[in-house]
Visitor: 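Provided herewith is a single structure, encoded as structure tokens, for subsequent inquiry.
We count ligands from 1, going down the list as the structure has it; atoms in each ligand are counted the same way. This structure is a prediction, so every number in the text was calculated from the model and none was measured.
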Amino acid sequence: MSKIIYLDNAATTQLDENVFEEMKPYFVEHYGNPSSVYSVASESKKAIDIARERVANSIGAEVSEIYFTNGGTESDNWAIKGIAENYVNKGKHIITTKIEHHAVLHTCEYLEKQGYEITYLNVDEDGLINIEELEKSIRPDTILISIMFANNEIGTIEPIKEIGEIAKKHNIIFHTDAVQAFGHVPIHVNEMNIDLLSASGHKVNGPKGIGFLYIRKNIKLKSFIHGGAQERQRRAGTENVPGIVGLGAAAKIACDNMEERAKHLIKQRDYLMEQIEKNVDYIRLNGHRTKRLPNNVNFCFRFIEGESLLISLDMEGICASSGSACTSGSLDPSHVLLAIGLPHEIAHGSLRLTLSHNTTKEELDFVVEQLKDIVNRLRAMSPLYEDFVKAQK
Ligand code: PLP
């Protein structure tokens, strides 16, 4: 197989060609600044309005509750720092989890240095939070609960509706980082009592450098980026018109095809998990077996370094990841795998394979074949594996 097999769709996705077609006119033809009054500019303004409506429809929000940002990281920063600043008179306590993306965790660490108190909820061995632990951790000075919709490494989907009910019952603002879930699983901000939601274009076959923050209309959130009056004076800076158009188009395509794609992906995902489990020994599935993103497969391989696995797979044209794109590059094991209770030596041997709706069964069969050979080869070089085999005899 000579072509690339791209199984790192949680890191980023290929831009959908139809999305690209919709974006193109806004680079060269309708390039007007949407804030200007002449008619060339009104085309850009109209396109932004359409995109905002598409995004709002995709999560059951009102058009006026969608604010475009440059991506998931900015949305997370704005939501958390914004609530911390605006609700400081009520208190300085925030609840989150140990398995959030660094866009949330590092923002919380920053706030700790500013005198805020953060509770980092534990998760169980599948990566699920405990609803009772969440409720017990609420205090009179709690101003925000920020819990991710689905985890970017192990794919576990959190009980968002239950979390929303608890937040509502205690009158606490609920933010969810839905960067991995948006466009893949149904989201309804009212049914789920979500007050703030972060999402990003490049995870759903949209462009990079664009995302949005949903802000429920009664939430007080000041501007995070100061400057001009764009985004109803809440997010300054000339709008990334082609990006916004691309995000709107990607959101619409993802939502229109969600049911059909999810069905297909779940079949492919379960097939891949089954084949890996059938063909390779001494492995552990990370994340919940069913409460997981339709496209996520994550295993730990004992006696193997995740990095060696990645390099060997790359030599066969297979793009995968060990932990998240942001943790790779560091030698520390993933904080998510440690939080689900894995010892360091096992957490080091993780592999994340994230599928797209275009992934074929033939590609998956090839990946499993390669994986089997690579794991055998790497284990044959491992003194730890040799000792383990001797001890088994
Ligand atoms: N949150 C989660 C759960 C993510 O997976 C990512 C990206 O991997 C981000 C936030 C950051 O999003 P962006 O790359 O759009 O800044």
Visitor: Taking 4.0 angstrom as the limit, do Lys263 and Glu260 come out as a salt bridge?
Guide: no
Visitor: I'd like to know whether ligand 1 has His202 as a neighbour, heavy-atom separation below 4.0 Å.
Guide: yes
Visitor: Indicate yes or no: does an N/O atom of Gly72 lie under 3.5 Å from an N/O atom of ligand 1?
Guide: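 So ligand 1 has an N or O lying under 3.5 Å from an N or O of Gly72.
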Visitor: Please name the residue in the list Arg216, Lys220, Lys217 that meets the salt bridge (Lys or Arg N to Asp or Glu O under 4.0 Å) test with Asp195.
Guide: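 One option only clears the test, and that one is Arg216.
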Visitor: Which atoms from ligand 1 have a heavy atom of Ser200 less than 4.0 Å away?
Guide: 13 (P), 15 (O)
Visitor: Any donor-acceptor pair under 3.5 Å linking the side chain of Arg234 with the backbone of Leu221?
Guide: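 Yes, because the side chain of Arg234 sits within donor-acceptor range (under 3.5 Å) of the backbone of Leu221.
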Visitor: Does the distance from a Lys or Arg side-chain N to an Asp or Glu carboxylate O, for Glu386 and Lys390, drop under 4.0 Å?
Guide: yes
Visitor: What atoms of ligand 1 come within less than 4.0 Å of a heavy atom belonging to Gly71?
Guide: 15 (O)
Visitor: Under a 4.0 Å heavy-atom limit, does Thr73 contact ligand 1 with its side chain, its backbone, both, or neither?
Guide: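 The answer is both, backbone and side chain.
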Visitor: What residues, two or more places apart in sequence or in another chain, satisfy side chain to side chain contact (heavy atoms under 4.5 Å, CB included) together with Phe27?
Guide: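 With sequence neighbours excluded, Phe27 shows a side chain to side chain contact (heavy atoms under 4.5 Å, CB included) to Met23, Pro242, given in chain and number order.
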Visitor: Of all the atoms in ligand 1, which lie at a distance below 4.0 Å from a heavy atom belonging to Asp76?
Guide: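 Close to Asp76: 1 (N), 10 (C).
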Visitor: Here's one to test your reading of the geometry: is the NZ or CZ of Lys24 within 45 degrees of the ring axis of Phe20 and under 6.0 Å from its centre?
Guide: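 Verdict for Phe20: a cation-pi partner in Lys24.
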Visitor: May I ask whether Lys203 places a heavy atom under 4.0 Å from ligand 1?
Guide: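 It does, in that a heavy atom of Lys203 comes within the 4.0 Å cut-off of ligand 1.
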